[in-house]
Number of protein chains: 2
Amino acid sequence: MRITTRGRYGLKAMVELALAFGQGPISLKNIAANQEISEYYLEQLMGSLRKAGLVKSARGAQGGYELARAPSEISSGDVLRAVEGPISPVECIDENGCREPCEKIDLCSTRLLWLRMHEQLNKVLDSTTLEDLRAEAERLAPQS
Amino acid sequence: MRITTRGRYGLKAMVELALAFGQGPISLKNIAANQEISEYYLEQLMGSLRKAGLVKSARGAQGGYELARAPSEISSGDVLRAVEGPISPVECIDENGCREPCEKIDLCSTRLLWLRMHEQLNKVLDSTTLEDLRAEAERLAPQS
DNA sequence: CTTAAATCAGAGGAAATTAGTCGGAATTGG
DNA sequence: CCAATTCCGACTAATTTCCTCTGATTTAAG
């Protein structure tokens, strides 16, 4: 029941971009160095984030990435889902309800628990925005 | 961010035992057949549940497993933690707070999110008991 | 125009985790 | 005794995760 490095690295990178929002693009190299993440690996993650429409990229010299919209308009759920796929405790419950229903779905009493977990989890993910995390970062390391 | 088969199978087995609570031990073979789980694999899981003090076992002929206490006194968190280990979105946050703090813990702004997830997740796990799931099972398949 | 700095795309591979199997020892009711 | 059952630990196969690499494309700056 763990978020993988994709989610952890992806979110850290996005907080980094949130801190620099409005100041033009930041290169992969910079983000990777700041967060001590493999540059090649982060490249993959940024690809997912771009395809999900969460970041804009600028190619070529002086290029890089920047948030596609304000930090307050991007939830941590948006980010995690983009890099990790649906955040759900079991396969048969995802954002769309039930993608591949188990055969005995009507007889699956444990489903009750999975639904509760899914609901609470996504409530947190959708209500915590990059702005919240950016503010937290500034609180922890003032005017850096 | 998924519960593995250990958690899914383990919980299903425990609901099975909850349905038969007070009627003497049930054999691994029976549980495995009912839930369509590998007998050998389930054997491992029952071992974890026994070591966690959630089930009592009886060896020899006519032996088997039964809940160590009433279904209302066993939470789904007890079960999942016994078979899956700590239920936490990231390694640095578990039941004991912070086992292996990341170096930059004071600068880890994403920790805010992980804490919120951890809190809500465990709130659900601790408040949903085997009695809740047993009742759900009866509701779905009356007097079977 | 050339060049260096970047992103983009996708293949591939090592390591870790998960899922499942198995053989044999120990225990116990009939 | 015997058959049914749990107990224990090792082992293997499959899957997933994590990361690396190569080459192509784009673009700002000199």
Side-chain angles (χ1 to χ4, degrees), chain A residues 1-13 17 20 24-68 80 82-91, chain B residues 1-13 17 24-33 35-68 80 82-91:
Chain A
M1 197 60 188
R2 290 277 159 82
I3 290 291
T4 69
T5 53
R6 287 182 68 90
R8 294 210 311 277
Y9 295 173
L11 191 59
K12 286 176 101 178
L17 292 185
I26 299 187
S27 74
L28 200 53
K29 188 170 289 186
N30 271 328
I31 305 174
N34 278 347
Q35 301 294 339
E36 294 172 353
I37 297 172
S38 151
E39 201 177 324
Y40 287 132
Y41 191 38
L42 185 57
E43 204 174 345
Q44 288 184 356
L45 307 184
M46 295 312 293
S48 299
L49 292 168
R50 185 179 50 82
K51 281 171 191 159
L54 301 177
V55 299
K56 288 185 294 188
S57 63
R59 300 178 74 164
Q62 314 305 318
Y65 298 91
E66 59 189 322
L67 296 187
L80 293 182
V83 294
E84 295 237 340
I87 303 295
S88 161
V90 290
E91 193 185 9
Chain B
M1 198 58 187
R2 289 276 158 82
I3 291 292
T4 69
T5 53
R6 288 183 66 89
R8 293 209 313 275
Y9 294 174
L11 192 58
K12 285 177 101 178
L17 292 184
I26 299 188
S27 75
L28 199 54
K29 187 170 290 185
N30 269 327
I31 305 173
Q35 301 294 340
E36 293 171 356
I37 298 172
S38 149
E39 201 177 324
Y40 288 131
Y41 191 38
L42 186 57
E43 202 175 346
Q44 287 185 358
L45 307 184
M46 295 312 294
S48 298
L49 293 168
R50 186 177 51 81
K51 282 170 191 157
L54 301 178
V55 298
K56 288 185 295 189
S57 63
R59 299 177 74 163
Q62 314 304 319
Y65 298 90
E66 58 190 323
L67 296 187
L80 293 182
V83 295
E84 295 237 339
I87 303 296
S88 163
V90 292
E91 193 185 9

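Just so it is clear: chains get the letters A, B, ... in the order the sequence lines come, proteins before strands, and each one is counted from 1.
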Check your understanding: Just one of A:Leu17, A:Asn30, A:Leu54, A:Ile26 clears the side-chain contact (heavy atoms from CB on, under 4.5 Å) bar with A:Tyr65, so which one?
Key ->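 Looking at A:Leu17, A:Asn30, A:Leu54, A:Ile26, the match for A:Tyr65 under the side-chain contact (heavy atoms from CB on, under 4.5 Å) is A:Leu17.
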Point to revise | For B:Pro25, the option from B:Arg59, B:Gln62, B:Lys56, B:Glu66 that meets side-chain contact (heavy atoms from CB on, under 4.5 Å) | key: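 Running side-chain contact (heavy atoms from CB on, under 4.5 Å) over B:Arg59, B:Gln62, B:Lys56, B:Glu66 with B:Pro25 returns exactly one hit, B:Glu66.
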Using atom [atom1] of [X] as one end and atom [atom2] of [N] as the other, report the distance to the nearest whole Å.
{"X": "B:Lys56", "N": "D:dT5", "atom1": "NZ", "atom2": "C1'", "value": "18 Å"}
{"X": "B:Arg50", "N": "D:dG9", "atom1": "CZ", "atom2": "P", "value": "10 Å"}
{"X": "A:Arg8", "N": "D:dC19", "atom1": "CZ", "atom2": "P", "value": "9 Å"}
{"X": "A:Ile31", "N": "C:dT7", "atom1": "CD1", "atom2": "C1'", "value": "12 Å"}
{"X": "A:Ile3", "N": "D:dT16", "atom1": "CD1", "atom2": "C1'", "value": "15 Å"}
{"X": "A:Lys29", "N": "C:dA4", "atom1": "NZ", "atom2": "C1'", "value": "10 Å"}
{"X": "A:Leu28", "N": "D:dT20", "atom1": "CG", "atom2": "P", "value": "13 Å"}
{"X": "A:Glu66", "N": "C:dT7", "atom1": "CD", "atom2": "C1'", "value": "14 Å"}

Exercise for review: Check whether any side-chain heavy atom of B:Arg2 sits under 4.5 Å from a side-chain heavy atom of A:Met1, and report yes or no.
Suggested key: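 SC-SC contact between B:Arg2 and A:Met1 ruled out.
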Practice item. Measure the shortest side-chain to side-chain distance between B:Ile37 and B:Ile31 over non-hydrogen atoms and say whether it is less than 4.5 angstrom. Key: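 No, too far: nothing below the 4.5 Å cut-off.
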Rounded to the nearest 0.5 Å, what separation is found between the [atom1] atom of [X] and the [atom2] atom of [Y]?
{"X": "B:Arg6", "Y": "B:Leu11", "atom1": "CZ", "atom2": "CG", "value": "13.5 Å"}
{"X": "B:Leu45", "Y": "B:Glu43", "atom1": "CG", "atom2": "CD", "value": "10.0 Å"}
{"X": "B:Leu28", "Y": "B:Glu39", "atom1": "CG", "atom2": "CD", "value": "5.0 Å"}

Taking only the side-chain nitrogens and oxygens of [X], find out if one of them lies under 4.0 Å from OP1 or OP2 of [N].
{"X": "B:Thr4", "N": "C:dT17", "answer": "no"}
{"X": "A:Ser27", "N": "C:dT7", "answer": "no"}
{"X": "B:Ser57", "N": "D:dT5", "answer": "no"}

Review point. In residues 39-47 of chain A, which residues come under 4.0 Å of DNA chain C by heavy atom?
Key: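 When residues 39-47 of chain A is checked for heavy atoms under 4.0 Å from DNA chain C, the hits, listed by number, are A:Glu43, A:Gln44.
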Check your understanding: Start at the 5' end of DNA chain C and walk down; is the nucleotide closest to A:Tyr65 or to A:Met1 reached first?
Key ->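 Final value for this comparison: A:Tyr65.
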Point to revise | Donor-acceptor pair (no angle test) under 3.5 Å: A:Arg59 side chain, D:dT26 base | key: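 Side chain to base: no pair present.
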**Study point:** Among C:dG29, D:dT20, C:dA19, the nucleotide that comes nearest once only the side chain of B:Arg6 is considered
**Key:**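 That would be C:dA19.
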